[in-house]
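Worksheet: one structure, shown below.
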Amino acid sequence: MAQLLITGGAGFIGSHTCLALLKEGHNLFALDNYCNSSPRSLERVSVLAGIDGRDRIKVVKGDIRNKDVLRKVFGGQDQPIDAVVHFAGLKAVGESFLYPLSYWDVNVNGTLCLLEVMKTYGCRTIVFSSSATVYGFPQKIPTSETSNVQPINPYGSTKAAVEQLLAHLADSEPGWRIACLRYFNPVGAHPSGSIGEAPIGIPNNLFPFVSQVAVGIRKELEIFGADWPTPDGTPVRDYIHVMDLAEGHCAALQALLREPPQLITTNLGSGQGYSVLQIVKSFEEATGRHIPYKITPRRQGDAAFSIADPTFAKNRLGWATKRTLLDMCRDSWVWQQLNPFGYGDQKDDDSN
Ligand SMILES: NC(=O)c1ccc[n+]([C@@H]2O[C@H](COP(=O)([O-])OP(=O)(O)OC[C@H]3O[C@@H](n4cnc5c(N)ncnc54)[C@H](O)[C@@H]3O)[C@@H](O)[C@H]2O)c1
């Protein structure tokens with residue numbers, strides 16, 4: 001059992017991972033500024049974790065760029081923080097072209113602030129949310145961790161920069177235990193439908209968009225390009241159920257805490273690719289709803305294929321995905337039906 005700081009803990013992946021970590025017996029501090037989430041997600045995590053969940057997860061509102069807040073978290077406890085699981089960040093590829101300064105500030109400078117305070121307090125264990133976007137246009141499909149890191153959008157560049165910073169840190173002094181987890185496309189929700197993906201404004205990701213069309217909040221799905229060099233012309237992605245991803249974090253953390261200090265860089269994906277049109281069809285089958293769509297021009301910064309080679313994660317962490325595409329569609333749909341407007345306190349600026 002460890003005492004953990006979870007940055008961005010109220011977000012989509014953070015909230016599901018908090019639940020998985022609580023179930024493994026860890027005690028948590030969740031730090032979030034709620035710029036893309038709601039405090040209600042963590043209230044629901046406490047309920048799902050059982051009656052003692054609330055005592056074992058302390059929630060702090062704050063920004064990772066604010067070192068005073070971080071110092072209070074690291075310095076204000078009877079027990080030291082053993083490790084950090086670092087989710088906080090901005091994640092929309094399209095938005096990163098419009099606001100590169102914000103992306104570098106939050107994702108890179110924010111991580112720098114966090115690492116400086118961790119070092120001051122002698123905490124040298126971190127699990128970092130990286131992304132398959134670091135591969136850019138991958139040389140080989142499926143893509144293994146030895147492929148070149150060549151991001152093609154500002155968001156991916158910030159993730160690659162943090163990976164590099166962490167590698168320099170690991171080289172600089174002994175004792176750092178670091179895992180860079182390159183997620184492919186996280187989707188789905190906890191099967192209870194209590195927690196799920198609740199983006200503020202127009203969703204950037206396929207699954208919340210499709211769910212909102214199915215439930216009638218949005219008129220139609222926009223598919224960015226049907227002229228890609230893929231079997232049906234729409235982009236192919238490796239989708240991973242968020243509960244599988246949460247369990248991947250538990251496996252990575254366990255390896256870091258039990259083994260000698262090291263840097264582990266691994267893909268977290270299923271190894272299976274689905275096109276956008278295949279997702280639409282599966283979602284229609286799982287929900288019994290028709291999903292109208294329109295084809296629009298390709299989006300800057302997208303690639304035709306993104307599929308993980310999951311071999312390293314399996315061999316190194318003993319972790320592999322268990323849930324199917326049907327589970328992903330069904331669980332997203334349960335969440336969307338029970339929570340058509342997310343956690344209910346998030347403003348939605350527009351609908352198409
Ligand atoms: N969802 C994906 O498709 C995906 C894929 C690959 C990598 N990732 C990475 O995984 C991490 C989590 O993603 P997610 O999908 O859960 O996103 P999310 O937006 O739901 O979660 C991120 C959380 O961080 C918080 N946050 C943002 N800036 C902050 C700051 N300055 N200080 C404190 N809190 C801050 C947000 O309020 C939010 O709760 C991100 O780093 C993201 O880049 C996500």
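We count ligands from 1, going down the list as the structure has it; atoms in each ligand are counted the same way. Just so you know, these numbers use all the heavy atoms, side chains as well, and skip hydrogens, waters and symmetry mates.
Chaining together hydrophobic side chains whose heavy atoms lie under 4.5 Å apart places L338 alongside V334.
Using a 3.5 Å distance cut-off with no hydrogens or angles, the side chains of S270 and Y239 do not pair a donor with an acceptor.
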- Task: Please lay out, stage by stage, how Y183 and H249 fare under the test ring pair (Phe, Tyr, Trp, His ring centres under 6.0 Å).
- Result: CA-CA 11 Å; Y183 314 156; H249 287 76; 5.2 Å; yes
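Pocket lining of ligand 1, defined as residues with a non-hydrogen atom under 4.0 Å away: G8, A10, G11, F12, I13, D32, N33, Y34, C35, N36, S37, G62, D63, I64, R65, F87, A88, G89, K91, V106, S129, S130, S131, Y155, K159, Y183, F184, P186, N205.
Classification of K281 and E285 as a salt-bridged pair holds, one side-chain N sitting under 4.0 Å from a carboxylate O.
Under a cut-off of 6.0 angstrom, the local environment of CD in E259 is crowded, with over 12 non-hydrogen atoms contributed by other residues, nucleotides or ligands. Residue Y293 places its OH atom among 12 or fewer non-hydrogen atoms of other residues, nucleotides or ligands, all under 6.0 Å distant.
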